[in-house]
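Keep in mind that this is a model prediction, so the values were computed, not measured. Computed from heavy atoms alone, side chains included, the values below leave out hydrogens, waters and symmetry copies.
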Amino acid sequence: MEQHPNALKRFANAVYNVIDAPVVFFREKIVEPNQQKYPWYHQKFRRVPTIDECYTDDMVCFIEANLQFERDRAVDDAILNILRCRYEECAMHHELDDRDEICTPLKNIYEEASGAWFAKYGDLPATLNVQQAFMKQKHRMVWERRHGPVGSGMKT
């Protein structure tokens with residue numbers, strides 16, 4: 001029983017036309033034109049009003065502001081963790097002699113970022129919410145207006 005050389009080719013084309021072609025057509029003509037192109041690989045949330053933009057009786061706004069604050073804190077924690085890991089890996093990789101001159105810029109960046117993190121989130125309870133952080137920011141601004149930058153001593 002001898003098969004025609006084009007029979008296998010015709011069978012493959014028939015399978016493609018029945019199974020694969022509708023899927024490819026649907027993806028190219030419907031799915032891809034309606035997709036939004038993002039240059040990033042993580043989910044991007046829309047920014048919601050901050051706590052100072054919410055009305056005093058708008059609980060939905062409070063909840064959204066708190067969730068946005070929690071997302072921002074998670075991002076800040078991750079950034080600080082990455083900076084700390086970069087410095088620690090640099091310090092472990094380089095010998096004691098080279099460590100000071102090579103890893104000093106990474107150490108300075110980490111220390112500056114950790115100071116900014118502490119200014120925003122430090123000395124706050126574990127059950128942190130956006131209202132407590134906003135009050136801390138307000139008290140810091142009042143202090144700086146009266147006495148100058150924090151850590152510079154009080155004006156007489």
Side-chain angles (χ1 to χ4, degrees), residues 16 18-156:
Y16 174 78
V18 170
I19 296 174
D20 202 32
V23 174
V24 171
F25 175 81
F26 182 78
R27 177 155 181 86
E28 289 177 351
K29 301 297 182 196
I30 296 172
V31 174
E32 288 178 359
N34 293 322
Q35 281 183 335
Q36 295 178 349
K37 304 292 186 219
Y38 295 112
W40 50 82
Y41 301 102
H42 60 277
Q43 184 176 4
K44 182 169 181 164
F45 294 95
R46 66 177 182 85
R47 298 298 294 188
V48 297
T50 55
I51 192 71
D52 60 327
E53 297 170 354
C54 294
Y55 292 111
T56 55
D57 59 346
D58 190 0
M59 292 308 294
V60 174
C61 187
F62 283 172
I63 292 169
E64 286 180 343
N66 200 37
L67 292 174
Q68 181 70 53
F69 175 75
E70 290 172 3
R71 286 192 295 266
D72 291 343
R73 182 174 182 184
V75 169
D76 290 342
D77 290 345
I79 290 171
L80 198 62
N81 188 27
I82 289 170
L83 292 174
R84 185 183 68 250
C85 288
R86 283 183 183 174
Y87 169 68
E88 288 174 352
E89 288 172 2
C90 178
M92 290 225 182
H93 183 268
H94 297 286
E95 296 177 6
L96 292 173
D97 300 334
D98 298 338
R99 182 182 305 166
D100 291 336
E101 60 192 40
I102 295 174
C103 300
T104 300
L106 291 174
K107 183 179 181 183
N108 293 339
I109 291 170
Y110 169 68
E111 288 177 351
E112 183 180 334
S114 64
W117 185 93
F118 189 80
K120 188 171 184 181
Y121 304 111
D123 291 337
L124 290 173
T127 58
L128 176 64
N129 65 23
V130 69
Q131 289 174 323
Q132 292 169 332
F134 183 66
M135 287 299 115
K136 179 182 178 182
Q137 180 184 8
K138 181 192 72 147
H139 294 312
R140 183 182 176 97
M141 290 175 67
V142 168
W143 171 271
E144 288 179 347
R145 186 176 295 154
R146 289 182 185 164
H147 306 291
V150 175
S152 64
M154 294 177 59
K155 289 189 226 174
T156 55

If you look at every heavy atom in Ile30 and Asn34, which pair is closest and at what distance?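 Taking Ile30 first and Asn34 second, the nearest heavy atoms are O-ND2, 2.8 Å.
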Quick one: closest heavy-atom pair of Ala65 and Pro49, and the distance?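 Taking every non-hydrogen atom into account, CB-O, 3.6 Å.
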Counting only heavy atoms not in [X] (residues, nucleotides, ligands), do more than 12 fall under 6.0 Å from its [atom1]?
| X | atom1 | answer |
| --- | --- | --- |
| His94 | NE2 | yes |
| Glu111 | CD | yes |
| Lys107 | NZ | no |

Let's go through Asp72 and Arg47 carefully: what are the C-alpha distance in whole Å and the side-chain angles of both, what is the deciding distance for side chain to side chain contact (heavy atoms under 4.5 Å, CB included) to 0.1 Å, and is it a yes or a no? CA-CA 10 Å; Asp72 291 343; Arg47 298 298 294 188; 3.0 Å; yes
Using distance alone, with no hydrogens and no angle criterion, decide if Arg140 and Gln137 have a side-chain donor and acceptor under 3.5 Å apart.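 Per modelled atom types, Arg140 and Gln137 side chains form no pair under 3.5 Å.
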Let me confirm one number: the [atom1]-[atom2] distance from [X] to [Y], rounded to the nearest 0.5 Å.
| X | Y | atom1 | atom2 | answer |
| --- | --- | --- | --- | --- |
| Ile51 | Glu64 | CD1 | CD | 11.0 Å |
| Gln68 | Cys61 | CD | SG | 11.0 Å |
| Leu124 | Met135 | CG | CE | 12.0 Å |
| Ser114 | Asp76 | OG | CG | 12.5 Å |
| Asn108 | Leu83 | CG | CG | 12.0 Å |
| Leu128 | Asn66 | CG | CG | 8.0 Å |

Determine, using ring centers only, whether Phe62 and Phe69 are less than 6.0 Å apart.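 Here the rings of Phe62 and Phe69 have centres that are no less than 6.0 Å from each other.
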Under the side-chain hydrogen bond (donor to acceptor under 3.5 Å, both in side chains) definition, can you give me all pairs with a residue in residues 79-91, not counting sequence neighbours?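 Qualifying pairs: Asn81-Arg84.
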Could you tell me whether the side chain of Lys136 and the main chain of Gly122 form a donor-acceptor pair under 3.5 Å?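 Side chain of Lys136 to backbone of Gly122, a donor-acceptor pair under 3.5 Å: yes, one is there.
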